[in-house]
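Some notes on the structure that comes next.
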2 protein chains.
Amino acid sequence: MPAGPLPTIHEVARLAGVSVATVSKTLNRSGKVSELLQARVNAAARKLGYAPHASARSLRSGATRILGLLVADLANPYFLKLVESIEWLSSAAGYSVILCNSAEDPGREERHLAMLLSQRADGVIVIPTRRGWSGRQAALADLPMPGILVDRRIEGLDLDSVTTDNVALGRLAAEHLDDLGHRRIAVIMGSPEHQIARHRLDGLRSGLASRGTTLDERLIEKDNFSEAAGHAAAMRLLRHAQRPTAIFATNNHLSLGLLRAIAESGLTIPDDLSVIAVDEPPWAGLVRPGMTIVTQPSEAIAQTTVSTLLSRVSEGRSGVEGEARSIQLQPALVVRGSTAAIRT
Amino acid sequence: MPAGPLPTIHEVARLAGVSVATVSKTLNRSGKVSELLQARVNAAARKLGYAPHASARSLRSGATRILGLLVADLANPYFLKLVESIEWLSSAAGYSVILCNSAEDPGREERHLAMLLSQRADGVIVIPTRRGWSGRQAALADLPMPGILVDRRIEGLDLDSVTTDNVALGRLAAEHLDDLGHRRIAVIMGSPEHQIARHRLDGLRSGLASRGTTLDERLIEKDNFSEAAGHAAAMRLLRHAQRPTAIFATNNHLSLGLLRAIAESGLTIPDDLSVIAVDEPPWAGLVRPGMTIVTQPSEAIAQTTVSTLLSRVSEGRSGVEGEARSIQLQPALVVRGSTAAIRT
DNA sequence: TAGTCTTAGTTAAACGTTTTTCTAATGAAG
DNA sequence: CTTCATTAGAAAAACGTTTAACTAAGACTA
C-alpha cells in the first residue's frame, strides 16, 4: 500500500483549474458543465486516481447507498442463494451490501441492527431469526430507514415482507404424493412453533384432506430444524412399525439428515421409500434418480425484495408511507425420481 | 419507520446540559469526564435513542471500522465457511463487513474493489478470482489500505497472504492412498493453469514418488473447476479401459460431480472405487460409509487472516511496512470409509 | 439601448462527528 | 499571598463532500 494520502476533490479542482463545485457536478452528472470543463475535470480525476470519499458524500447528501442484509443463518443453502442474488441485484443498482450473519442468535441480530442504524444504511433486508422476536418487534418497527422481511414474517409486525406461499407449498407436495397413491405419509416438520413449518404442514394436511386422505398425526415429527434433528426423526420413522411410504422434509437441513439416515439404513429411494424435499441444495444431484422437490422461487424473491425496498428508499419519508405490502410468491413442484408410485 | 430525523450529538449535549465535546468523550471513553456528567450524558443518549452517525465519525477520525471482503465464489462451500468465520471474527473485533461476490468475474472484482476504496474500508480481504490478474496486480498493490489474500495467491504480487500448504495436502492424499495399496490413482485436478491445482497435483505426485510409485499421467483429468467438469472427467475415468482404483478430487465442485457420476454408474464406494476429496462439504455425510477427506483448516485460516489484517490496520502507514508475510497453514487427513485397502 | 432571462461558473454554508486549543478553576509550592 | 501546574470542561476547527445562493456574461426582447 504505497500511495500517500488520497487526493480530495480540491486537488482535482486545482489541477483542472476549476472550482470544487464544478468537479462535483461533473462527476455526478448533475447541473450544467461545459464539454470543455467536463473533459478537463475527468482528465484530472483520472490522473490523480481520485475516488470520492463515501463518508463525506453521505454525510452531506444523507444517503449512504448501503443496504444492510441481516441473515438468520448463512449455512442454509437457500438463504445463501438469496444472499447471492440480493448482493448481485443491489450491486447492479449501485448499492453496497453490509452482510450480517446472526446465526439464529437474537443477541447478535440486535447488535447488528444497531450497527446498521449507526451506519445509516439506506435500507435493511432482514431474514429474521426464528425466536426472540416477541416484544422486540419495536427494534424493527422503529427503524428510521425502510426495512423488509424475507422468507419469514414476524407476527404482529407491520412491515413489508416477501415470502413463499408455504401453504401452497405443502399442498403441492400433498397432491403429488396423493397422485402417486401414497397414503402413509410422514412429515419431518421442524419446530411447530415456527410459522413456516406450520404453514407447510397445514398445506400438506389440507391438500391431502381435499383428496379424501387424512394425515396420520403419529407420523408428524416435530423438533427443531437442524440436520441432527432431521436425522433422528428419520431414524424413528424408518423404525416405525408401519413404515411410511413417503416422507416430506420441510427444510434443507432436515432433508440432509433424512437422506443420511436413509443411506445408513441401506434403503433404496424410491423403491423402499419416496422422498420429497424443499428447495434444491447442491447435493440434490447425489440422490439417484434425482430429488423430487418443491422449490421456492429464490430469484424472484430476491428480485421482489430488492425492488420493493429500493422503491421505498426512493419514496423517502415524504411518501404517504402507505400500507405494508406483504408479497407471497408461489412455489413450484419439480418431479424427479425420488418419488414413485406406490407398489400395489 | 415512524421516527423523525435522528438525534445528533448536539441534542444529546443540550439535554444533558454539557458541550458536545463532553458527550463525545463520554461515549468514546476517551479523555476525562466526571462521574456525574458521564451519568447525565449516558442517560440523555439513551433517552433520545442516540446512535452516532458513522459517516460523520469516520470522516473526522479517518477510520471506518469497515472491512471489505471480496470473495471469488460464494457458491463454494469452503469459501462460504471462510466468509462465515471472517464475518464472525470481524464483528467480534468491532468491524463491519461489506461482502462482495465476484463470482469469478474479474470485471465485477475490479468494480467492487473501486467501491471499497471509495468506502475507505480500513482493510480488505480478498479471495481473488482465478483469472484476470495478469497486469492487474497494481489494483491491489496500490490500494491505500492494508489488504490480504486468502486461499489463493497471485503470482508477482507482494502482499500478505494466508493459504493452505497445498503441496502438503496432495502429499497427505498420496500417502494415505499408498498406505492402502492403491497404485492406479486418478486425479480430477481442475484447471492446470491454476496454482492451487498444480500444487495439489505436485504434492500427490511427489508423495507417490517418495513411495516408489509413479503417477500415471493418463489418469490426470484437466479441465475447469465446475461440477459439470468434475462429472465429465469422472465419467471418462470410470469408462477407462483400466479403471482406476482410487480417485482424488481436488475441490468441492469437482468432488460433487464425481460423486454424482459414481451414483449414476451404480458403483459402490469403497468396494469398486476409493474416493478422497478436499474439504468437508455439507453433503459429505451422504456418502456411505463416510467421506475420507483432506481438510483445509478454515477456522485457523480465517483467524490468521483477520488478526494479521487487523494488526496491519493498527500499524497504520506509520509502521515500517515490513515484508509481506505469506503464511501457510497445514491441512489434515480425515480417514473415513470412502477409501479402503485395495482388494488382493 | 436598456432591461431581463439564461447560462456556466464560483463562493460559501452545511452535514455530524472528533480533536486540538483554549479557559477557568482548583490545589500545591514557594 | 503570589505563582505555577493540573484539571474538567467548553469553544472552535477540521474532515471532504453536496448544494443553495450568488455572480458575471451573453443572448434575447421591447
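Remember, predicted model here, so these are calculated numbers, not experimental data. Just so it is clear: chains get the letters A, B, ... in the order the sequence lines come, proteins before strands, and each one is counted from 1. Basis for what follows: all heavy atoms, side chains included, without hydrogens, waters or symmetry-related copies.
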To the nearest 0.5 Å, atom CG of B:L310 lies from atom OG of B:S90 at 6.5 Å
When rounded to whole Å, the NE2 to P distance for the pair A:H53 and D:dA14 reads 17 Å
**Q.** Between A:S311 and A:T308, a side-chain donor and acceptor under 3.5 Å
**A.** no
Taken in chain and number order and not counting sequence neighbours, the residues that satisfy side chain to side chain donor-acceptor pair (under 3.5 Å) with B:E104 are B:R130, B:R152
Value for CG (B:D160) from OG (B:S326), rounded to nearest 0.5 Å, stands at 8.5 Å
More than 12 heavy atoms of other residues, nucleotides or ligands under 6.0 Å from CZ of B:R131: is that the case?
-> no
Here the distance between atom P of D:dT17 and atom CZ of A:R65, to the nearest Å, is 17 Å
Between CZ of A:R29 and P of D:dT18 the distance, given in whole Å, is 13 Å
Value for OG (A:S58) from CD1 (A:I66), rounded to nearest 0.5 Å, stands at 7.0 Å
Self-check item: Salt bridge flag under 4.0 Å for residues B:E87 and A:R108
Solution: yes
#### Entry: Check: A:M115 and A:I98 side chains under 4.5 Å, non-hydrogen atoms
yes
Quiz prompt | Neighbour count above 12 (heavy atom, 6.0 Å) for A:W88 CH2 | solution = no
Would you say A:T64 and A:R120 are linked by a side-chain donor-acceptor pair, where the criterion is simply a distance under 3.5 Å?
no
Below 3.5 Å between N/O atoms, which protein atoms pair up with nucleotides 8-13 of chain C? Just atom names and distances, please.
unit_1 : atom_1 : unit_2 : atom_2 : d
C:dG9  : OP1    : A:S34  : OG     : 2.7
C:dG9  : OP2    : A:S34  : N      : 2.6
C:dT10 : OP1    : A:S19  : N      : 3.3
C:dT10 : OP2    : A:S19  : N      : 3.1
C:dT10 : OP2    : A:S19  : OG     : 2.7
C:dT10 : OP2    : A:T22  : OG1    : 2.3
C:dT10 : O4     : A:K25  : NZ     : 3.2

Taking five pairs at each terminus, the helix from C:dT1-D:dA30 to C:dG30-D:dC1 shows an axis bend, to 10°, of 60°
note: B:H10, atom NE2; D:dA10, atom P; distance rounded to Å ~ 13 Å
Taken in chain and number order and not counting sequence neighbours, the residues that satisfy side chain to side chain donor-acceptor pair (under 3.5 Å) with A:R14 are none
A:R57 CZ to C:dG16 P, in whole Å, measures 18 Å
Just to be sure I understand the rule, does A:S24 reach a base, reach only the sugar-phosphate, or reach nothing, if contact means heavy atoms closer than 4.0 Å? base
Ordered by number, residues from residues 38-47 of chain A within less than 4.0 Å of DNA chain D (heavy atoms) are none
Interatomic distance, CG@B:L99 vs CD1@A:I86, rounded to 0.5 Å, equals 11.5 Å
Between CD1 of A:I9 and C1' of D:dG16 the distance, given in whole Å, is 8 Å
Here the distance between atom C1' of D:dA10 and atom CZ of B:R14, to the nearest Å, is 17 Å
Interatomic distance, CG@B:D73 vs OG1@B:T129, rounded to 0.5 Å, equals 10.5 Å
Whichever of B:S61 and A:S61 has the more 5' nearest nucleotide on DNA chain D, that residue is B:S61
Numerically ordered, the residues 117-124 of chain B set in heavy-atom contact under 4.0 Å with DNA chain C is none
*Charged N to carboxylate O under 4.0 angstrom, B:K81 versus B:E84?*
no
From OH of A:Y50 across to C1' of D:dG16 the rounded distance in Å is 7 Å
